[in-house]
> 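I have a structure here, written as structure tokens, and I will follow up with some questions on it.
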Amino acid sequence: MGNCSVVVLDFETTGLSPHYGDRAIEIGAVLISDNEIVDRFQSLMNPGMRISSFIEDYTGITNKMLSTAPPVDEVMADFHSFMDQHHLVAHNAGFDCRFLDAELDRIRRKRVGEFACSMLLSRRIYPEAPNHKLETLVRYKKLKTTGVHHRALADAEMTGHLWIEILNNLKESFDLRDVSFDFMRRLSKVPKAKVPLFLKKAAEEQGY
DNA sequence: TGCCAGGCCCTCTTTAGGGCCTT
């Protein structure tokens, strides 16, 4: 497990709440090490239930596509190995965290790494952005787009590029050297009004 | 049986309400 390596992940699901029966239907993830994507994981998964026409339209994933996909439990066991002990990143991480933990519970496995949220960070680092949807931030920061929005691997890759952009912007604009995962997690929880002071203090403590 | 998300963040706030994000 490298110093600055994280797994950035994204789920497509049957709905918004795993506690009310929603399941994962696709996972996409990228492993980032030293500011580069060095590995990828992607799979559709058969949730054992029909998905709504809203989800078919929203994701482009159809019931027919899922009928030939491997079962969720099988894919999640593979993904458990892929994420290993890495820390995790997602856009609106609370959503993906709930689904990840719910699906891991079903196969009696646990997550080791902690989550950081690129949406909470973007709200603090880019308060002037039109909004903080992933799609908007990718356009606003002129990041590389690969594939179609609302498919898991494409969204995971774009979230990965956004994560790298946030790290670079913090280093360049705020004179920060130490942008460890723990630092990012702490920053994502600082009250928005106190972010400038938090970054100023961090830069001072790092010897500038 | 049927309920049907949850957490952050702002403000006309804290004995609350509503928009933003994710599918």
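Since the structure is predicted, the reported quantities are computational estimates derived from the model, not experimental observations. Here is the naming used below: chain letters follow the sequence lines, and residue numbers restart at 1 for every chain.
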> Work out how far the C1' atom of B:dT13 is from that of B:dG19, and round it to whole angstrom.
15 Å
> Can you check whether A:H132 has a side-chain N or O nearer than 4.0 Å to OP1 or OP2 of B:dC21?
yes
> Check this one for me: any side-chain N or O of A:H91 less than 4.0 Å away from OP1 or OP2 of B:dC21?
no
> Do the charged groups of A:R106 and A:D73 touch, with an N to O distance under 4.0 Å?
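No, A:R106 and A:D73 are not salt-bridged.
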> Rounding to an integer number of Å, can you tell me how far A:R23 CZ sits from B:dA5 C1'?
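Result: 17 Å.
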> Should A:K200 and A:E204 count as an ion pair when the cut-off is N to O under 4.0 Å?
yes
> Any side-chain N or O of A:Y58 below 4.0 angstrom from OP1/OP2 of B:dT23?
yes
> Roughly how many Å is it from CZ in A:R50 to P in B:dT23, rounded to a whole number?
22 Å
> In whole Å, I'd like the distance from the CG atom of A:L121 to the C1' atom of B:dC8.
13 Å
> Please pick, from B:dC8, B:dT22, B:dT23, the nucleotide with the shortest atom-to-atom distance to any side-chain atom of A:R123.
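Per side-chain heavy atoms of A:R123, the pick is B:dC8.
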> Report which part of the nucleic acid A:L120 touches: base, sugar-phosphate, or nothing (heavy-atom distance under 4.0 Å, all strands).
sugar-phosphate
> Rounded to whole Å, please give me the gap between OH in A:Y126 and P in B:dC20.
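One finds 22 Å between P of B:dC20 and OH of A:Y126, rounded.
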> Whole-Å distance between B:dC21 C1' and A:L16 CG?
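Answer to the nearest Å: 10 Å.
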> May I have the distance from A:D96 (atom CG) to B:dA5 (atom P), rounded to whole angstrom?
18 Å
> In whole angstrom, give the distance that lies between atom CZ of A:F115 and atom P of B:dG6.
17 Å
> May I ask you to say what A:D10 touches in the nucleic acid, namely base, sugar-phosphate or nothing, with a heavy-atom cut-off under 4.0 Å?
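If one applies the 4.0 Å heavy-atom cut-off, A:D10 turns out to touch the sugar-phosphate alone, with no base involved.
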> I need the minimum non-hydrogen distance between A:I107 and A:A77, along with the two atoms involved.
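Reported closest heavy-atom pair: CD1-N, 3.7 Å.
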> Less than 4.0 Å between a side-chain N and a carboxylate O, is that true for A:K144 and A:E157?
no
> If I pick the C1' atom on B:dC12 and the same atom on B:dG7, what distance separates them, to the nearest angstrom?
23 Å
> Counting the atoms with a prime plus P, OP1 and OP2 as sugar-phosphate, which does A:R124 contact under 4.0 Å by heavy atoms, base, sugar-phosphate, or nothing?
sugar-phosphate
> Is it true that A:R151 and A:E12 make a salt bridge, defined as a side-chain N closer than 4.0 Å to a carboxylate O?
no
> Quick check: on DNA chain B, is the nucleotide nearest A:K189 upstream (toward 5') of the one nearest A:Y20, or the reverse? Name the residue that is more 5'.
A:Y20
> Checking all strands, does A:F99 fall into the base, sugar-phosphate, or nothing category for heavy-atom contacts under 4.0 angstrom?
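Answer is nothing: A:F99 stays at 4.0 Å or more from every strand.
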> What's the closest nucleotide to the A:N131 side chain, out of B:dT23, B:dG6, B:dC21?
B:dC21
> With a non-hydrogen cut-off below 4.0 angstrom, is A:G15 in contact with a base, only sugar-phosphate, or nothing?
base
> Select base, sugar-phosphate, or nothing to describe what A:T14 touches, counting heavy atoms under 4.0 Å on all strands.
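Touches nothing.
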> Could you check how far NE2 of A:H19 sits from P of B:dT22, rounded to whole Å?
20 Å
> Considering heavy-atom distances to DNA chain B, does A:S17 or A:T59 have its closest nucleotide positioned more toward the 5' end?
A:S17
> Are A:F198 and A:F183 near enough that their ring centres are under 6.0 Å apart?
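For A:F198 and A:F183, the ring centres are under 6.0 Å apart.
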> What nucleic acid atoms does A:D155 come within less than 4.0 Å of, heavy atoms only: base, sugar-phosphate, or nothing?
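If one applies the 4.0 Å heavy-atom cut-off, A:D155 turns out to touch the sugar-phosphate alone, with no base involved.
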> Can you check the distance between B:dG6 and B:dT23, where both ends of the measurement are the C1' atom (answer in whole Å)?
13 Å
